[in-house]
Amino acid sequence: MDDTLAYIFDRLSSSIVQVVSITPPLFNLNPQVQNTTEVGAGFIYDDAGHIVTANHVLAGANTVNVVFIDGDRYNATVIGRDAFTDTAVLKIEDNNDTAVPDTIRPSGPVTLGNSSALRIGDHVVTIGYPFASKIAMTAGIIGQTDYLLYFPFLGYSVPNTILTDVAVNPGNSGGPLINMRGEVVGMIYGRLNPTATSAGTLLPGLSVAIPSNTISRVAD
């Protein structure tokens with residue numbers, strides 16, 4: 001298992017990026033009000049260099065950067081986004097706002113797996129940039145394959161999402177959920193809000209991922 005996890009990280013880490021979005025204040029009347037910066041993750045989706053990430057990471061950003069494991073940083077254009085599945089697609093650019101030639105980034109796309117084949121108890125990992133730090137991997141198992149992700153304040157839900165105990169934190173959203181064959185079977189939405197006990201102690205939270213079959217349909 002240890003060799004498998006190390007192999008997965010070595011194979012995929014160059015295809016997983018940090019996504020940094022910068023949103024100006026809604027009403028910029030006070031010059032002391034700072035921009036809002038969100039940090040998440042994303043992964044190279046296809047041979048054309050499109051990057052999939054979580055839509056909520058982008059928020060209302062007018063500037064998006066992607067940073068690779070080697071520190072290379074690029075501007076990115078939002079090609080498309082779907083709030084109902086929390087999916088967004090980016091394309092990296094050079095400083096002249098033109099698409100970056102494939103020769104600049106040799107990193108290849110990830111391989112998507114069949115999320116419908118997941119079983120409760122399957123081992124999975126995720127790779128991201130927790131707390132805007134260096135790239136990191138965490139591991140866990142599949143807890144449910146038909147979890148209902150509900151947004152009461154928005155009035156809609158996402159059915160058949162993946163529940164897992166993989167540890168995620170701010171900076172992991174948009175990163176891949178990966179099976180033991182190195183296939184991406186989901187995209188991390190985020191951690192469910194932990195429940196506080198009467199003593200105020202936070203209980204460990206579970207995390208949710210959007211299935212890869214949904215991602216491929218929406219991203220395409």
### Query
If you round to the nearest 0.5 Å, how far is CD1 of Ile69 from OG of Ser13?
4.0 Å
### Message
Would Arg11 and Thr111 count as a side chain to side chain contact (heavy atoms under 4.5 Å, CB included) here? Give the steps.
### Response
CA-CA 11 Å; Arg11 176 183 166 192; Thr111 299; 3.9 Å; yes
### Query
Linking I/L/V/M/F/W/Y whenever their side-chain heavy atoms sit closer than 4.5 Å, directly or via other members, would Leu5 and Val124 fall into one cluster?
no
### Task
With the side chain counted from C-beta on, respond yes when Val168 and Thr126 share a heavy-atom pair under 4.5 Å apart, and no when they do not.
yes
### Query
Yes or no on side chain to side chain contact (heavy atoms under 4.5 Å, CB included) for Arg73 and Val20, after CA distance, side-chain angles and deciding distance?
CA-CA 10 Å; Arg73 188 182 189 103; Val20 182; 3.9 Å; yes
### Query
Are more than 12 heavy atoms from other residues, nucleotides or ligands located less than 6.0 Å from atom CG of Asp3?
no
### Summary
Residues Gly190 and Ser173: closest non-hydrogen pair is CA-OG, 4.0 Å
#### Entry: Test log, rule side chain to side chain contact (heavy atoms under 4.5 Å, CB included), inputs Met180 and Asp122
CA-CA 8 Å; Met180 292 298 99; Asp122 282 351; over 6 Å; no
### Query
Any donor and acceptor pair, going by atom type alone, linking the side chain of Ser21 with main-chain N or O of Val57 inside 3.5 Å?
yes
### Task
Spell out, yes or no, whether Val64 and Phe68 are grouped together once hydrophobic residues are joined by side-chain heavy atoms under 4.5 Å, including indirect joins.
yes
### Message
Can you give me the closest heavy-atom contact between Asn55 and Asp82, atom names plus distance?
### Response
CB-O, 4.2 Å
## Note on the structure
All heavy atoms of Leu112 vs all of Ser216, minimum pair found to be CD2-CB, 3.8 Å
### Query
Which atoms form the tightest heavy-atom contact between Gln144 and Ile120, and what is the distance?
CA-CG1, 4.2 Å
### Message
Quick check: do Leu163 and Leu192 have side-chain heavy atoms less than 4.5 Å from each other?
### Response
yes
### Message
In the structure I gave you, are the side-chain heavy atoms of Asn75 and Asn65 within less than 4.5 Å of one another anywhere?
### Response
yes
### Query
Leu149 and Leu177: same hydrophobic cluster, using ILVMFWY side-chain contacts below 4.5 Å?
no
### Query
Does Val110 share a hydrophobic cluster with Ile215, counting links as ILVMFWY side-chain heavy atoms below 4.5 Å and allowing steps through other members?
yes
### Query
Are Val158 and Leu206 grouped together when hydrophobic residues (ILVMFWY) are joined by side-chain heavy atoms under 4.5 angstrom apart?
yes
### Query
Nearest heavy-atom pair of Gly113 and Ser212: which atoms, and what distance?
O-OG, 2.8 Å
### Message
Any heavy-atom pair between the side chains of Ile142 and Arg119 that's under 4.5 Å?
### Response
no
### Query
How close do Val184 and Pro176 get, heavy atom to heavy atom, and via which atoms?
CG2-CB, 3.7 Å
### Task
Could you grab the distance from atom CD1 of Ile188 to atom CG of Asn172, nearest 0.5 Å is fine?
7.0 Å
### Message
Applying ring-ring contact (aromatic ring centres under 6.0 Å, His included) as the test, list every pair that has at least one member in residues 46-67; sequence neighbours left out.
### Response
His56-Tyr189
### Task
Rounded to the nearest 0.5 Å, what's the gap from CD1 on Ile127 to CZ on Phe43? Could you check?
11.5 Å
### Task
Using the side chain to side chain contact (heavy atoms under 4.5 Å, CB included) rule, pick out the option among Ile178, Val125, Ile44 that qualifies with Leu12.
Ile178
### Query
Quick one: does Val218's side chain get under 4.5 Å of Phe84's, heavy atoms only?
no
### Message
Return the CG to OG1 distance between Leu148 and Thr161, rounded to the nearest 0.5 Å.
### Response
7.0 Å
## Note on the structure
The reported gap from OG in Ser207 to CG in Asp165 (rounded to nearest 0.5 angstrom) is 7.0 Å
### Side chain to side chain, Tyr45 and Asp220, heavy atoms closer than 4.5 Å
yes
### Task
Measure the spacing between CG of Leu90 and CD1 of Ile79 and express it to the nearest 0.5 Å.
8.0 Å
